[in-house]
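Following: one structure in C-alpha cells, then a few remarks.
Please read these numbers as outputs of a predicted model, since none were measured by experiment. By convention in this document, chain letters (A, B, ...) are assigned in the order of the sequence lines, proteins followed by strands, and residues within each chain are numbered from 1.
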Protein chains: 2
Amino acid sequence: MKNINNINNKDINNNKINNKIYEKLKCRAELLLTFLNEHKRMPSYSEMMPLFSLKSKNAVFKIVNNLQKEGFIIKDDKGRIVFNSDFFSPAFSIKLLGRIEAGFPSPAEEELLDMISIDKLLIKNPVSSFLLKVTGDSMTEAGIMPGDYVVVDKSGTAAEGDIVIAQVDNAWTMKYLAKENGSYILLPANSRYKAIKPKNELVVAGVVTGVVRQYK
Amino acid sequence: MKNINNINNKDINNNKINNKIYEKLKCRAELLLTFLNEHKRMPSYSEMMPLFSLKSKNAVFKIVNNLQKEGFIIKDDKGRIVFNSDFFSPAFSIKLLGRIEAGFPSPAEEELLDMISIDKLLIKNPVSSFLLKVTGDSMTEAGIMPGDYVVVDKSGTAAEGDIVIAQVDNAWTMKYLAKENGSYILLPANSRYKAIKPKNELVVAGVVTGVVRQYK
DNA sequence: TTATACAGTGAACGTTCGTTTACTGTCAAG
DNA sequence: CTTGACAGTAAACGAACGTTCACTGTATAA
C-alpha cells in the first residue's frame with residue numbers, strides 16, 4: 001500500500017500513461033468482442049493479427065497477456081482465451097447506459113465496461129431455468145402481460161411475496177405466493193380476480209426470476 | 001421428391017431408424033451445449049471424446065459431421081464448429097417450454113430444439129441496441145415498471161403506437177408515439193399523467209424493442 | 001449364410017495453434 | 001548521450017488440432 005502523502009510526480013505520470021495503455025487495450029478488447037459477435041467464437045492469434053493491424057503473432061501474444069492482466073479476458077486450462085464473464089457476455093453484449101430521466105447519453109459516454117448480457121442478467125442458474133410464455137391477464141398489475149415470457153427457476157425455494165408457478169387443484173397457474181392464517185395462498189395481481197386458497201396441497205414448481213417482453 | 005404413394009415398408013423402417021439416430025445426435029448436441037455453457041467455448045475433438053464416452057477421435061469426427069448434416073452445428077471457414085444459431089444461442093440457452101395454462105410440461109417433454117437465447121430473442125440489431133434502466137411510473141399500464149430495463153434500438157424508424165425514447169422540450173422521456181391532428185404527440189401509459197404535445201420539435205432517439213425485468 | 005451399412009478403434013498425416021527466443025525501432029527519463 | 005522500457009517484427013518450436021486411412025465388431029437386409 002502506498003501512503004497518499006508519498007505520491008509524487010512519477011506516480012501521476014505513470015497513472016496517465018497507464019490510462020493511455022488501458023484505453024488502447026480496451027479498444028482492442030472491443031475488436032475481439034466484435035469478432036466474437038460476428039463469428040460466435042474467439043479468434044485465434046493468427047486471426048487477431050489483421051484484427052489488430054499487426055504483422056507478428058508475438059505482438060498479439062503480448063497484447064493478449066496484457067488483456068488478461070487487466071482482467072478483460074481469461075485463459076483456461078487449455079490456453080484458450082475466453083472473455084471474462086464478469087465484464088462481458090460470451091454472446092450478444094449490449095450497452096447498458098444510464099437512466100432515461102438522467103438524459104440521453106452521448107456516444108462518447110458509452111462505456112465498454114458497462115456491456116452486459118441480458119441472458120446473464122436474468123439467468124442465474126441456466127440448468128434449472130426455463131422460459132414460459134404467459135397467457136391470461138391475472139398478473140397484469142405486476143407488469144406481466146399476456147404474451148410475455150417469464151424466466152422460471154425450478155431449483156429455488158419460494159418465499160412469501162415471490163411470483164411462483166404453482167399447481168393447485170390440478171391446474172397450473174402463476175400468482176403471488178402469500179400466507180393467510182398460516183397456510184399458503186395464491187394472490188393474482190389483477191383486481192378482477194380473487195385469491196386462490198388451495199383445497200388440497202399446493203405444489204410450487206418454480207419461482208419467477210425474470211420477465212421478458214418483446215415488441216415487434 | 002418422393003411420391004407419397006411410393007412410400008414402402010423400407011422407407012417407414014428407415015424413418016424409424018433415422019428418428020433413433022436423430023435422437024442420439026440430439027442427445028450429443030445437448031452434451032456440447034452443456035460444455036459450451038460451462039466453458040464459454042466449444043470443445044475440441046479431443047475434449048469431445050470423454051464427453052461422448054468415446055475412445056477414438058475419428059468417432060467424434062463422424063458424429064460432428066452428422067451433427068452438421070442435421071443442422072445442429074456449422075463448421076466455419078477455418079473448420080471450427082459453432083452451434084447453428086437458428087437453433088441455439090452461442091451463450092446461455094434456456095429451455096422454452098409451453099404456456100402456463102397448458103399445464104406444466106414433464107421433463108420428458110423438454111425439447112432441445114426449443115432452446116433459445118433471451119439475447120437473441122430481444123436483440124435483433126446488437127450494434128445499434130442498448131439497455132436503459134427505467135425510472136418513473138408513466139408507463140406502468142403498459143407493463144413497464146420502475147426498475148425495469150428496456151432494450152432500445154436507435155436504428156429503427158418509429159411508427160405510431162411504438163414505445164419510443166424521445167427528447168421533447170429538452171427533456172428525455174419514454175412514451176407511446178401517437179398522432180393528433182397530423183402532428184406527433186407522446187402518450188403515457190398511466191392515467192395519472194397527461195399527453196405530451198411538444199412545443200418545439202420532437203426528437204426520437206430510439207424505439208423500445210423489448211422489456212426486461214429481474215426479480216431478486 | 002452372405003452382403004451391406006455403420007458405429008467405433010487406432011495410428012498416422014499435414015496444418016495450425018499458442019509460445020518462446022532473438023532482434024529492431026522508438027520514445028521518455030536520467 | 002546513454003539507458004531502460006516497451007511495441008512490434010521475424011523465425012522457430014513442440015503440442016494440439018482437424019482430418020484421413022485401414023481395420024474391427026455388430027446389426028440389419030436380402
Side-chain angles (χ1 to χ4, degrees), chain A residues 8-29 31-32 35-36 39 41-70 72-83, chain B residues 7-29 31-32 35-36 39-70 72-83:
Chain A
N8 53 26
N9 277 339
K10 193 182 170 189
D11 286 328
I12 292 172
N13 279 338
N14 275 345
N15 278 342
K16 208 187 282 180
I17 292 170
N18 285 341
N19 280 345
K20 260 173 79 176
I21 293 173
Y22 188 84
E23 284 302 313
K24 198 162 186 183
L25 274 177
K26 208 166 80 171
C27 172
R28 284 179 161 153
L31 290 172
L32 289 184
F35 188 100
L36 179 60
H39 295 82
R41 63 171 176 85
M42 272 295 191
S44 69
Y45 285 29
S46 316
E47 288 170 321
M48 291 186 208
M49 279 167 50
L51 210 62
F52 295 160
S53 303
L54 294 174
K55 296 182 176 179
S56 157
K57 253 207 301 186
N58 181 265
V60 175
F61 175 74
K62 290 173 181 172
I63 286 166
V64 166
N65 276 359
N66 288 336
L67 282 170
Q68 185 183 17
K69 212 174 291 172
E70 292 294 340
F72 286 99
I73 59 177
I74 292 171
K75 284 192 200 180
D76 66 9
D77 47 315
K78 289 267 190 168
R80 291 208 196 67
I81 60 170
V82 293
F83 264 110
Chain B
I7 290 181
N8 54 26
N9 276 339
K10 192 181 168 188
D11 286 330
I12 292 172
N13 278 338
N14 274 345
N15 278 341
K16 209 188 283 180
I17 292 170
N18 284 342
N19 280 345
K20 259 173 77 177
I21 293 173
Y22 188 83
E23 284 303 313
K24 197 162 185 183
L25 274 178
K26 210 166 78 168
C27 171
R28 283 175 162 156
L31 291 172
L32 289 184
F35 188 100
L36 180 60
H39 294 82
K40 312 297 175 208
R41 64 171 175 86
M42 272 296 191
S44 69
Y45 285 28
S46 317
E47 287 169 321
M48 291 184 207
M49 280 168 49
L51 211 61
F52 295 159
S53 302
L54 295 174
K55 295 182 175 179
S56 158
K57 254 207 298 185
N58 185 22
V60 175
F61 176 73
K62 290 173 181 172
I63 286 167
V64 165
N65 278 357
N66 288 337
L67 283 170
Q68 186 183 16
K69 214 174 288 170
E70 292 293 340
F72 286 99
I73 59 175
I74 292 171
K75 285 192 199 180
D76 66 9
D77 48 314
K78 289 268 191 168
R80 290 207 197 69
I81 60 170
V82 293
F83 265 109

>> Under the criterion side chain to side chain contact (heavy atoms under 4.5 Å, CB included), I'd like the reasoning laid out for B:Leu32 against B:Phe52: C-alpha separation, chi angles, the key distance, then a yes or no.
In response: CA-CA 9 Å; B:Leu32 289 184; B:Phe52 295 159; 3.9 Å; yes

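- If you measure from atom CG of B:Leu67 to atom C1' of C:dA7, you get 14 Å, rounded to the nearest angstrom.
- Rounded to whole Å, atom C1' of C:dG8 lies 15 Å from atom CG of B:Asn65.
- Scanning all heavy atoms of the two residues, the minimum distance from A:Asn65 to A:Lys75 falls at OD1-NZ, 2.9 Å.
- Not one side-chain nitrogen or oxygen of B:Lys78 sits closer than 4.0 Å to the OP1 or OP2 atom of D:dT19.
- Across all non-hydrogen atoms, the minimal contact from B:Phe35 to B:Leu51 is CB-CD2, 4.0 Å.
- D:dC17 atom P lies 15 Å from atom OH of A:Tyr45, rounded to whole Å.
- The distance from atom OG of B:Ser44 to atom CE of B:Met49, rounded to the nearest 0.5 Å, is 9.5 Å.
- Looking at residues 46-61 of chain A, you'll see A:Ser46, A:Lys57, A:Asn58, A:Phe61 sit with a heavy atom under 4.0 Å from some atom of DNA chain C.
- Between A:Lys62 and D:dA5, a side-chain N or O to OP1/OP2 separation shorter than 4.0 Å is absent.
- One finds a salt bridge joining A:Glu47 and A:Arg41 here, because a Lys/Arg side-chain nitrogen approaches an Asp/Glu carboxylate oxygen to under 4.0 Å.
- Within the structure, a side-chain polar atom (N or O) of A:Arg80 is placed less than 4.0 Å from OP1 or OP2 of D:dC17.
- In this structure, the CZ atom of A:Arg41 is 13 Å from the C1' atom of D:dC17, given to the nearest Å.
- The distance from atom CG of A:Asp76 to atom P of C:dG18 is 11 Å, rounded to the nearest whole Å.
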> Hey, mind stepping through B:Leu54 and B:Lys62 against side chain to side chain contact (heavy atoms under 4.5 Å, CB included) and telling me if it holds?
Replying inline: CA-CA 12 Å; B:Leu54 295 174; B:Lys62 290 173 181 172; over 6 Å; no

